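Note sheet for the following structure.
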Amino acid sequence: MQIRAFLEDCLAEDLGAGDLFARLVGAKEVKACVLSKDSGVFSGQIYATELLEMLGLKYAWKIADKESFSPKQTLLEVEGDWRLLLQIERVLLNILQHSSGIATKTASFVRLVKDHPISLLDTRKTRPLLRVFEKYSVRNGGAKNHRLGLDDALMVKDTHLAHIGNLQAFIAKARQEIPWTAKIEIEASNVKMALEAMQAGADIVMCDNMDIESIKEVVAERNKNYPLVLLEASGNITEESVQAYAKSGVNAISSGALIHQAVWVDFSFRI
């Protein structure tokens with residue numbers, strides 16, 4: 001239902017009061033296809049399928065989410081009234097190009113850390129109202145989602161900590177108030193803060209913008225005294241630096257770059 005509502009909004013944005021070209025021509029049954037001009041990892045199939053079925057178009061997929069594609073590869077074949085196909089062309093391509101761009105960027109990160117026992121995560125740095133769509137695209141690239149919103153985990157960041165006097169008391173209160181299944185994650189910008197967070201009872205400690213040597217120090221302390229605490233590295237982590245963080249001993253690495261640094265792949269629509 002959420003996907004359909006999203007697609008209805010996409011179509012409404014593009015069609016406005018109606019397609020002017022459709023006023024000028026009659027019906028004609030045609031065949032069309034989506035072709036790739038780039039290589040990458042495909043994503044967007046669930047959304048595109050719902051779009052095609054909403055409008056009663058016949059289609060045949062030549063690729064599936066998470067699969068790789070090459071230039072000049074046919075990804076999708078569609079049949080229907082050419083007026084309708086032309087009306088959905090831009091929405092269809094926008095969805096597939098945007099989603100596949102994120103999946104492709106994510107896959108490049110995943111390949112760099114595949115030999116290390118860590119989870120690669122996205123962040124909440126998503127475009128407004130596109131969070132579910134963009135995080136779905138990350139999963140198709142082989143990574144995992146961090147929290148979807150403020151309601152599925154309690155993350156206490158520096159802006160929160162500035163107004164919390166006793167972290168241990170705060171966490172104890174949170175245990176009584178938030179859902180039993182919700183984890184508590186504390187952001188730490190240095191070793192001292194990370195140790196305080198572990199001592200206070202955090203489930204997860206985020207090592208935010210910490211250098212590798214400091215993170216290794218936190219990992220050693222965790223391994224010795226707090227083995228159940230999960231450690232996450234975050235903060236301006238790029239493809240150039242991600243391997244160094246993967247070797248540090250943390251459980252997870254989060255990077256907004258999976259989404260906000262992704263570039264659309266080039267697809268074309270041919271009738």
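Please read all numbers here as calculations on a predicted model, not as lab measurements.
- A salt bridge is absent between Arg147 and Glu185; no separation between the charged side-chain nitrogens and carboxylate oxygens falls under 4.0 Å.
- For residues 26-42, no pair satisfies side-chain hydrogen bond (donor to acceptor under 3.5 Å, both in side chains), with sequence neighbours left out.
- Take Lys62 and apply the salt bridge (charged side-chain N to carboxylate O under 4.0 Å, His left out) test, not counting sequence neighbours, and it matches Glu77.
- Screening residues 191-208 for side-chain hydrogen bond (donor to acceptor under 3.5 Å, both in side chains) gives Arg175-Asp203, Lys192-Glu196 as the qualifying pairs, with residues at least two apart or on separate chains.
- When atom types are taken as modelled, the side chain of Asn145 and the backbone of Arg139 share no donor-acceptor pair closer than 3.5 angstrom.
- Partners of Phe42 under the ring-ring contact (aromatic ring centres under 6.0 Å, His included) rule, at least two apart in sequence or in another chain, are Trp61.
- Checking side-chain atoms of Ser214 against main-chain N and O of Met210 turns up no donor-acceptor pair under 3.5 Å.
- Under the rule for a salt bridge (charged side-chain N to carboxylate O under 4.0 Å, His left out), the partners of Glu213 that lie at least two apart in sequence or sit in another chain are Lys216.
- Every side-chain hydrogen bond (donor to acceptor under 3.5 Å, both in side chains) that Ser119 has, sequence neighbours left out, goes to Lys144.
- Between Asp65 and Gly44, the closest heavy-atom pair is OD1-N, 3.0 Å.
- Taking the ring-ring contact (aromatic ring centres under 6.0 Å, His included) definition, one finds that Phe170 meets it with nothing, sequence neighbours left out.
- Scored by the ring-ring contact (aromatic ring centres under 6.0 Å, His included) test, Phe267 finds Phe69 as partners (sequence neighbours excluded).
- In this structure, the side chain to side chain contact (heavy atoms under 4.5 Å, CB included) partners of Glu8, at least two apart in sequence or on a different chain, are Arg4, Met54.
- Within the structure, side-chain hydrogen bond (donor to acceptor under 3.5 Å, both in side chains) pairs that include any residue of residues 153-169 comprise Lys157-Glu187 (at least two apart or interchain).
- In this structure, a donor-acceptor pair under 3.5 Å is absent between the side chains of Asn140 and Ser137.
- Pairs passing the ring pair (Phe, Tyr, Trp, His ring centres under 6.0 Å) check and including a residue from residues 70-113, sequence neighbours excluded, read Phe21-Trp82, His98-Phe133, His98-Trp264.
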Would you sort out whether Asp14 and Arg90 count as a salt bridge (charged side-chain N to carboxylate O under 4.0 Å, His left out), showing the intermediate values?
-> CA-CA 8 Å; Asp14 213 27; Arg90 179 44 51 199; over 6 Å; no
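- Using a 3.5 Å distance cut-off with no hydrogens or angles, the side chains of Ser234 and Glu232 do not pair a donor with an acceptor.
- Other residues sharing the hydrophobic cluster of Leu129, ordered by chain and number and joined by side-chain separations under 4.5 Å: none, the residue standing alone.
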